[in-house]
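Order of the sequence lines fixes the chain letters, A, B, ..., with proteins taken first and strands second; residue numbering starts at 1 for each chain.
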There are 2 protein chains.
Amino acid sequence: MKATIYDVAREAGVSIATVSKVINGKGKISEETRGTVLEIMARMNYQPSVIASALTGKKTYTLGLLVPDISNPFFAEIARAIEDQSQHYGYSVVMCSTDNKDKKVEKYIALLLQKSVDGIIIATGIDETVIMEQLLSKSLPVVLLAREMPHAAVNTVVVDDYVGGSLAADHLLGLGHKHIAVLGENIKVISSRERIRGFRAKLADVQIPMREDWLKYCDYRIEDGKQKALQLLQTEDRPTAIFACNDMLAVGALQAAKESGVKVPDDLSIVSFDNTILAMVTDPQLTTIAQPMNEMGKLAVDLIVDELKGRKNVKQRTVLRPELLIRQSTASRPGRRLPKEKK
Amino acid sequence: MKATIYDVAREAGVSIATVSKVINGKGKISEETRGTVLEIMARMNYQPSVIASALTGKKTYTLGLLVPDISNPFFAEIARAIEDQSQHYGYSVVMCSTDNKDKKVEKYIALLLQKSVDGIIIATGIDETVIMEQLLSKSLPVVLLAREMPHAAVNTVVVDDYVGGSLAADHLLGLGHKHIAVLGENIKVISSRERIRGFRAKLADVQIPMREDWLKYCDYRIEDGKQKALQLLQTEDRPTAIFACNDMLAVGALQAAKESGVKVPDDLSIVSFDNTILAMVTDPQLTTIAQPMNEMGKLAVDLIVDELKGRKNVKQRTVLRPELLIRQSTASRPGRRLPKEKK
DNA sequence: TTGAAAGCGGTACCAG
DNA sequence: CTGGTACCGCTTTCAA
């Protein structure tokens, strides 16, 4: 079948130890043998087996990536960034879609461990206590991406959700909006909570209280965002702006607005979060708080690789700044220049 | 570190051979020893190393997946289907985004081979002769997904692009359109060519010739679709309908229409291809020829697994039927009920 | 500079 | 039923 190190050694008339050395550039080898061995390897089209060398205590050059769903554009884009950077260092990445189910998370982590991956990037919700503890005790490089676990000693790369939320609020406030609703993700998602916290704080700064009945928690589907937005819009007294905690939910809001005959951005402004491809595809295009997905993926891989190379052993938490991207889904509050319309 | 089979054997007071047997359910083991070994394994939290067993000639339980770009919704959705089905059989999947560059394809394939993956699913453009030949000679299960290679003996799963094209044409023709333009992918992409061929044939059936200057080839970006559509729309004599060979291009067309003040679907109908999430997010939502992405992914994995299990060794080509999904981007030809508007 | 040999963690054949 | 043992393909001392 495939050529092995033995075949090369025999063909080159040297020992496998010698071949191994030229492969890895270790030890002292005369230029001459080095040359012949190299030549033979090329001729035989020899490719060392990663499996075998991994067994000898070396690395598998494989990383695991846990996301809720690779088909979700946000995670797909993150995955691409991670893949590129991994590839750059010679690593492959195994994708694992968990649907945020603890059962699946556990199963996947066990699988990755059995396959001796060199590191794991976790971008999925996870049951802190049980699973992570095991994982960290394995002395396996782990980084949390777009997820937080305040109490664990683990490398983390996140966007500053609080700032992101304030940015959204500032923008809407600046446009004169006072009646603002919020579409959040599942309440268990910390990042979403932080976004809302930052958002709420800014409103408080200007004495505009957030109506609690205008804060809706949604699951992950567009449809759910739409339903919740519909509840918001189909009342007399409706908000003039909505802050959606991700692009999917914003799409739902957009659809709800259309169905309710509410014009965006004229009658309703929408700010979303993430800046995935979805934000560019809707009509109007979404004004959004952009997450630097490329940098996030890149950083996560760098952290793993640094740890594998033995440099950097203190855990760090990197917080990237999100950025307001003004597109077409936001505009001045309806009737801003006019006398008050109600009351 | 991690417990090995030796640790378990020692602890259980048996030989590693025995442990190996209970792990794999092979050979005859007394219920009693079986019980203790199992118990010890559980207590020690022992997980056999896939690496080690792979080295012994067994499988790595890993599949490689080559796509042009995992962040492209079409491939992200395919990837999800593949991942689920792989997981079902106990396989992991390594993702490889090639950007359709031969260089990257080669690099990735070499990497996958070194890692001894058990099979490769190719959903990316690829230089037939050079690479595939090598690959197939390796007696490694390979399946082509959403790609064709007419002359190679390789399992293939595709959608019937020709039929898809005709479906699109039928729909548009049925709505009374006679002036139809086409946005195709790069001319080298066979599937796109087939879609156009099927489309063209239907037009020919009713004596409506396709204007060659209304057939535009685009690259993969929304922006390019938009530019080409702009050329189409910003002339006196413009088409009343556009058939876009994928959702991205259709989005571009939609944007071009908006920029040109052309209303979709009133003044312009658009039919796209794929039915990714993008088709549901645009406004109006896209009428599209849906590819059964889930089935495609599932089938591809099944083919690999079947081959690995030794059953089914004759190569097969499975052609799935696409389906017209009518949404909001198509409508009757403008002025259909009215007397001819021009001439 | 080179090579012999001892693993790495399992599998599987063969003897007992 | 159970265990001894020869590999799998490669890395890494340690001698020569």
Take the protein atom NZ of Lys2(A) and the nucleotide atom C1' of dC10(D), then report the distance between them rounded to whole Å. 13 Å
Whole-Å gap separating C1' (dC8(C)) and NZ (Lys59(A)): 17 Å
Is it true that Lys309(B) and Asp306(B) make a salt bridge, defined as a side-chain N closer than 4.0 Å to a carboxylate O? no
In whole angstrom, what separates Ile23(B)'s CD1 from dG10(C)'s C1'? 8 Å
Write down the distance between CG (Asn24(B)) and C1' (dT11(C)), rounded to a whole number of angstrom. 8 Å
Heavy atoms of Ala76(A) and Ala76(B) approach each other most closely as CB-CB, 4.0 Å
Tyr91(B) side chain near Leu308(B) side chain, heavy-atom distance below 4.5 Å: yes
Arg80(A) and Asp99(B) ion-paired at < 4.0 Å: yes
Side-chain contact, heavy-atom cut-off 4.5 Å: Ile78(A) with Leu145(A)? yes
Ignoring backbone atoms, test whether Ser20(B) places a side-chain nitrogen or oxygen under 4.0 Å from the OP1 or OP2 oxygen of dT11(C). yes
Polar pair under 3.5 Å, donor/acceptor by atom type, side chain Ser53(A), base dC10(D): no
Strictly distance-based, threshold 3.5 Å: is any side-chain N or O of Asn100(B) a donor or acceptor partner for the main-chain N or O of Gly125(B)? yes
Could you tell me how far apart Tyr6(A) (OH) and dC7(D) (P) are, to the nearest whole angstrom? 10 Å
Around atom NZ of Lys59(B), are there more than 12 heavy atoms of other residues, nucleotides or ligands at under 6.0 Å? yes
Distances under 3.5 Å between protein N/O atoms and the N/O atoms of nucleotides 1-5 of chain D, please, pair by pair.
from	atom 1	to	atom 2	distance (Å)
dT2(D)	OP1	Ser30(B)	OG	3.1
dT2(D)	OP1	Thr33(B)	OG1	3.0
dT2(D)	OP2	Ser30(B)	N	2.9
dT2(D)	OP2	Thr33(B)	OG1	2.8
dG3(D)	OP2	Ser15(B)	N	3.2
dG3(D)	OP2	Thr18(B)	OG1	2.7
dG3(D)	N7	Lys21(B)	NZ	3.4
dG3(D)	O6	Lys21(B)	NZ	2.6

Between P on dG9(C) and CE on Met41(B), what's the gap in Å once rounded to a whole number? 17 Å
Nearest-angstrom distance from the residue atom CD of Glu32(A) to C1' of dT1(C): 12 Å
Determine: side-chain N/O of Lys26(B) to OP1/OP2 of dT11(C), distance under 4.0 Å, yes or no. no
Between P on dT2(C) and CD1 on Ile5(A), what's the gap in Å once rounded to a whole number? 15 Å
